[in-house]
Amino acid sequence: MKYPVYERFYTWQGEGVHLGRAAYFIRLYGCPQACPWCDSAGTWHRDYRPDGVTLMGADELAEVVRAESPDGAVVVITGGEPILFDLAPLTDALHALGRRVHIETSGIAPLRGELDWVTLSPKPFGQPPLPEVVAVADEVKIIVHEPGDIQAGLDTLTGLREDAVIWLHPEWSKARERDLSVLNAITQAVKENPRLRAGYQMHKLYRADDLDAHSDKRLIPLGGNAALGY
């Protein structure tokens, strides 16, 4: 089994329950969702495709994780859309190192592999998450580009565990531009439903990912402003 690795880098988790935790990211290539504001458009968009994608086996990836990050750093498998791949060989190899393995996914296919943490980011305008993935999600990240995205995202979560955390994240360009229609909608939703939490992409304020030589530093402006670097 070879995985198409778009980029891999050591940084810290910038979002969610594990905010601030040291994390090695493995970003896989390929995604059918085509989010119009995607901040990783190089993984699928025809205008931003890389010249080549490295194919790496599970043991090879585990070795670079071991070599490039210390024990105790979690591994986050993301994309693109990583749930499209059989992750069992990779999760087995990473667990053999003693690493916890997280996934960030829109939940559109069955999970394959033993995951220690599942972050579900539903895309209600595209393919909705499978009920079986909703049922095992540890946290949910709803991206809010327009106020109506809050309810649309919540409507995909039938069967979500009661202890799963639900985050509302302003889409990055809306956050950077301080779009009050989005920010106020998130604030109001959290005040009305205390189960919801307001989120933010803290790693982008630090530009923490840029410090690793392997991260993709091209300006990809879907939903953003290339002149401002997002």
- Item | K204 and Q201: CA distance, side-chain angles, deciding distance, side chain to side chain donor-acceptor pair (under 3.5 Å) verdict | CA-CA 6 Å; K204 291 187 177 179; Q201 293 179 299; 3.3 Å; yes

- Query: What do the steps show when you test V144 against H169 for side chain to side chain contact (heavy atoms under 4.5 Å, CB included), and what is the final call?
  - Reply: CA-CA 6 Å; V144 185; H169 274 254; over 6 Å; no

- Could you walk me through whether H45 and Y48 pass the ring pair (Phe, Tyr, Trp, His ring centres under 6.0 Å) check? CA-CA 5 Å; H45 197 286; Y48 301 103; 5.3 Å; yes

- Item | Worked check of side chain to side chain contact (heavy atoms under 4.5 Å, CB included) between I83 and L111 | CA-CA 6 Å; I83 209 170; L111 278 169; 3.7 Å; yes

- side chain to side chain contact (heavy atoms under 4.5 Å, CB included) between Y3 and M56, intermediate numbers included: CA-CA 5 Å; Y3 299 96; M56 300 180 71; 5.6 Å; no

- Stepwise side chain to side chain contact (heavy atoms under 4.5 Å, CB included) check, L183 with D179: CA-CA 6 Å; L183 300 180; D179 186 324; 5.5 Å; no

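Taking hydrophobic clusters as Ile, Leu, Val, Met, Phe, Trp and Tyr residues chained together by side-chain heavy-atom distances below 4.5 Å, V182 shares a cluster with I142. Following chains of ILVMFWY side-chain contacts shorter than 4.5 Å, one cannot reach V5 starting from Y29, and the two form parts of different hydrophobic clusters.
Of all the heavy atoms in A189 and L168, the pair that sits closest is CB-CD1, 3.8 Å. The shortest heavy-atom contact between Y10 and P70 is OH-CD, 3.1 Å. Between V118 and V136, the shortest heavy-atom contact is CB-O, 4.0 Å. Of all heavy-atom pairs spanning A164 and A137, the tightest one is CB-O, 3.6 Å. Across I150 and A185, no two heavy atoms sit closer than the pair CD1-O, 3.7 Å. Minimum interatomic distance between P50 and G42 (heavy atoms only, all atoms of both residues): CD-O, 3.4 Å.
Going from atom CZ of R66 over to atom CG of L94 covers 12.5 Å, rounded to the nearest 0.5 Å. Between the CD1 atom in I166 and the CG atom in N193 there is a gap of 7.0 Å [rounded to 0.5 Å]. In this structure, CD on E171 lies 8.0 Å from CD on E177, to the nearest 0.5 angstrom. Rounding to the nearest 0.5 Å places CG of L115 at 6.5 Å from CG of L87. To the nearest 0.5 Å, the span separating CG on L55 from NZ on K2 amounts to 7.5 Å.
By the side-chain contact (heavy atoms from CB on, under 4.5 Å) test, E68 pairs with R8, Y24, V64, H214, sequence neighbours left out. Annotation: ring pair (Phe, Tyr, Trp, His ring centres under 6.0 Å) contacts of H18 (sequence neighbours excluded): H102, W117. With sequence neighbours left out, H95 forms a ring pair (Phe, Tyr, Trp, His ring centres under 6.0 Å) with no residue at all. For Y6, the side chain to side chain donor-acceptor pair (under 3.5 Å) partners at least two apart in sequence or on another chain are D216, R218. With sequence neighbours left out, the side-chain contact (heavy atoms from CB on, under 4.5 Å) criterion links R99 to V65, S69, D71, A73, V75, L97. The side chain to side chain donor-acceptor pair (under 3.5 Å) check on D163 picks up R161, with sequence neighbours excluded. With sequence neighbours left out, W44 forms a ring pair (Phe, Tyr, Trp, His ring centres under 6.0 Å) with no residue at all. Take E7 and apply the salt bridge (charged side-chain N to carboxylate O under 4.0 Å, His left out) test, not counting sequence neighbours, and it matches R27. Legend: residues meeting ring pair (Phe, Tyr, Trp, His ring centres under 6.0 Å) with F9, ordered by chain and number and at least two apart, are F25. Listed by chain and number, the residues in a salt bridge (charged side-chain N to carboxylate O under 4.0 Å, His left out) with D209 amount to none (sequence neighbours excluded).
Looking at N184, its side chain never comes within 3.5 Å of a backbone N or O of S181 through a donor-acceptor pair. Checking side-chain atoms of T119 against main-chain N and O of E104 turns up no donor-acceptor pair under 3.5 Å. Side-chain N or O atoms of R112 include one that pairs as donor or acceptor with a backbone N or O of L84 at under 3.5 Å. Between the side chain of E139 and the backbone N or O of V17, at least one donor-acceptor pair lies under 3.5 Å.
For the residue pair D155 / Q151, a side-chain donor-acceptor distance below 3.5 Å is found, with atom types taken as modelled. A donor-acceptor contact closer than 3.5 angstrom is absent between the side chains of W167 and E15.
Atom CG of D59 is surrounded by 12 or fewer heavy atoms from other residues, nucleotides or ligands within 6.0 Å. Remark: R178 CZ is loosely packed, at most 12 non-hydrogen atoms of other residues, nucleotides or ligands lying under 6.0 Å away.
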Indicate every side-chain donor-acceptor pair of residues 122-134 with a distance under 3.5 Å to a residue at least two apart or in another chain.
residue, atom, partner, partner atom, Å
K123, NZ, S121, O, 2.8
K123, NZ, S121, OG, 2.9

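Side-chain contact between I108 and Q33 is present, with at least one heavy-atom pair separated by less than 4.5 Å. When side chains are defined from C-beta on, M1 counts as touching F85, because their heavy atoms get closer than 4.5 Å. Side-chain contact between I26 and T78 is absent, with no heavy-atom pair separated by less than 4.5 Å. The shortest distance between side-chain heavy atoms of L90 and I77 falls below 4.5 Å. Taking 4.5 Å as the limit, some side-chain heavy atom of V76 sits within range of a side-chain heavy atom of Q13. Considering only heavy atoms from C-beta on, P82 comes within 4.5 Å of I103 through its side chain. Residues V190 and R197 have side chains not in contact (no heavy-atom distance under 4.5 Å, counting atoms from C-beta outward). Taking 4.5 Å as the limit, some side-chain heavy atom of L160 sits within range of a side-chain heavy atom of V140.
Using a 30° and 60° split on the angle between ring planes, W172 and Y200 fall in the perpendicular class, above 60°.
Within the structure, side chain to side chain donor-acceptor pair (under 3.5 Å) pairs that include any residue of residues 84-94 do not occur (at least two apart or interchain).
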